[in-house]
Amino acid sequence: MRSLGYYFKLYGVFVKNCVAASMEYRFNFWMGIGVEIAFLCAKALYILIVYQTNLHIGELTPDHILLFIGTYTMMTGLYMGLFYVNFVRISQYVQGGTLDLLITKPVSLQFLVSLRYIDIGLPIPNILAGAIMVGVGWHRAQLPLNWNLLGYIGFIGIALMITYCLMLLPALLSFRYVQTGAVTEMAHSIWDANNMPLDIFPMWLQRIGVYIIPVFLISNYGPKFVMGMLNLWDILWALLVPVILFILVRKCWSLAVRKYSSAGS
């Protein structure tokens, strides 16, 4: 069984290869960044409307809301750059028979399939813009740094693990149905619900988004922690969710691979 250090080194090799490939086709690299900047300009309309209307959501001021939008923007960049580029390939692996070859590799198949590629261009504009939004909102809301910054970074790490698990699960349906575009689109629609604080939704929907399909933890718990709006149970739940989801993903992955029929069979 391979050690954790081995997989970190292997992931480093993946990153280097993807960077080299991106630099080989620099026009595509810069065009990708340009497209993302255009999308960011559209997202900026949310911020403009929030401040022009002086939108308040309960105790949340426009400056607080900017923290949520910035966190969502950063997480979108991380998801698109680290995970999406791999998850969309799963159905191609199954349909084209590439998975037959990948199964023979002496490493974890899930690791190889779900983390092999990294899009360097996609995350850069989103992470930079999101970080600026968070910084501006943090400063304007006069929130203290102290341990809040470390806690916020920790919640970003938790959100990254939750994102990996939640968005991988729909892709696993490819092992049975091959084409899962409709399910993926549905998952992305649920993801987009994170672009504003969860407080805008009715309580029953908040409960679903926190405890059943915990998508609201991704971009809500970091800002809420900084603003002191999380109790001890919320923090414990946020620590428990990635563990539960990863166990679920491992079980579903094993089941999907066992049900997989080789393209050559």
Side-chain angles (χ1 to χ4, degrees), residues 7-48 50 65-90 111-140 145 149-150 152-168 171 184-185 187-189 191-196 215 217-223 226:
Y7 282 104
F8 274 117
K9 291 180 181 178
L10 184 57
Y11 190 72
V13 173
F14 291 165
V15 173
K16 290 179 182 178
N17 289 342
C18 290
V19 170
S22 297
M23 294 300 100
E24 186 176 356
Y25 301 98
R26 295 187 182 183
F27 178 77
N28 288 339
F29 172 78
W30 291 111
M31 279 297 296
I33 290 180
V35 170
E36 282 304 305
I37 291 175
F39 280 121
L40 281 172
C41 291
K43 291 177 184 176
L45 293 175
Y46 284 110
I47 303 171
L48 193 61
V50 166
I65 295 172
L66 187 59
L67 277 170
F68 291 87
I69 298 175
T71 304
Y72 165 78
T73 302
M74 282 196 296
M75 290 308 305
T76 298
L78 290 170
Y79 164 58
M80 296 297 289
L82 299 179
F83 304 141
Y84 176 77
V85 291
N86 293 289
F87 296 169
V88 296
R89 283 180 163 89
I90 293 178
F111 174 83
L112 190 60
V113 167
S114 62
L115 297 173
R116 170 62 182 86
Y117 294 99
I118 301 96
D119 193 313
I120 307 301
L122 283 176
I124 292 175
N126 288 282
I127 292 174
L128 289 178
I132 292 172
M133 293 178 199
V134 169
V136 171
W138 200 311
H139 175 72
R140 288 176 58 93
L145 279 175
L149 181 59
L150 290 177
Y152 180 82
I153 294 172
F155 273 102
I156 290 297
I158 290 172
L160 202 57
M161 291 185 282
I162 294 174
T163 297
Y164 171 82
C165 295
L166 282 182
M167 304 309 284
L168 176 58
T184 301
E185 288 300 320
H188 288 161
S189 297
W191 171 272
D192 286 337
N194 266 311
N195 65 351
M196 291 292 282
V215 67
L217 273 67
I218 293 171
S219 64
N220 280 269
Y221 269 39
V226 171

Item to complete: Check whether any side-chain heavy atom of V13 sits under 4.5 Å from a side-chain heavy atom of K16, and report yes or no.
Response: no
Fill in: Within-4.5 Å side-chain heavy-atom neighbours: N194 and T76
no
Response to the item:
Residues at least two apart in sequence or cross-chain that pass ring-ring contact (aromatic ring centres under 6.0 Å, His included) with F14, listed by chain then number, are F111
Response to the item:
Taken to the nearest 0.5 Å, the spacing of M133 CE from I47 CD1 works out to 4.0 Å
Worksheet item: Nearest 0.5 Å, what's the OG-CZ distance between S219 and F68?
Response: 8.0 Å
Discussion item. Using the side-chain contact (heavy atoms from CB on, under 4.5 Å) definition, which of the options W191, F155, Y72 pairs with I218?
Written reply: W191
Worksheet entry | Minimum side-chain heavy-atom gap F83-L115 below 4.5 Å | yes
Worksheet item: Would a 4.5 Å heavy-atom cut-off, applied to side chains only, mark R116 and V85 as touching?
Response: no
Worksheet item: Quick one: are I69 and M196 in side-chain contact, heavy atoms under 4.5 Å?
Response: yes
Practice prompt. Evaluate whether atom NE2 of H188 has more than 12 neighbouring non-hydrogen atoms of other residues, nucleotides or ligands under 6.0 angstrom away.
Written response: yes
Worksheet entry | Any side-chain heavy-atom pair of I158 and L217 under 4.5 Å | no
Practice prompt. List in chain and number order the residues that pass side-chain contact (heavy atoms from CB on, under 4.5 Å) with L40, two or more places apart in sequence or in another chain; answer none if no residue qualifies.
Written response: K43, T73, P125, N126, A129
Worksheet entry | Nearest heavy atoms of G81 and P123, plus distance in Å | CA-CG, 3.6 Å
Fill in: Considering all heavy atoms, the nearest T71-Y152 contact
OG1-OH, 2.6 Å
Worksheet item: Closest heavy-atom contact between N86 and L82?
Response: ND2-O, 2.9 Å
Fill in: Test ring-ring contact (aromatic ring centres under 6.0 Å, His included) applied to Y117 - qualifying residues, sequence neighbours left out
none
Item to complete: Please confirm whether the backbone N or O of Y79 pairs with a side-chain atom of T163, one donor and one acceptor, at under 3.5 Å?
Response: no
Item to complete: Evaluate the side-chain proximity of Y84 to D119: yes if any heavy-atom separation is below 4.5 Å, no if none is.
Response: no
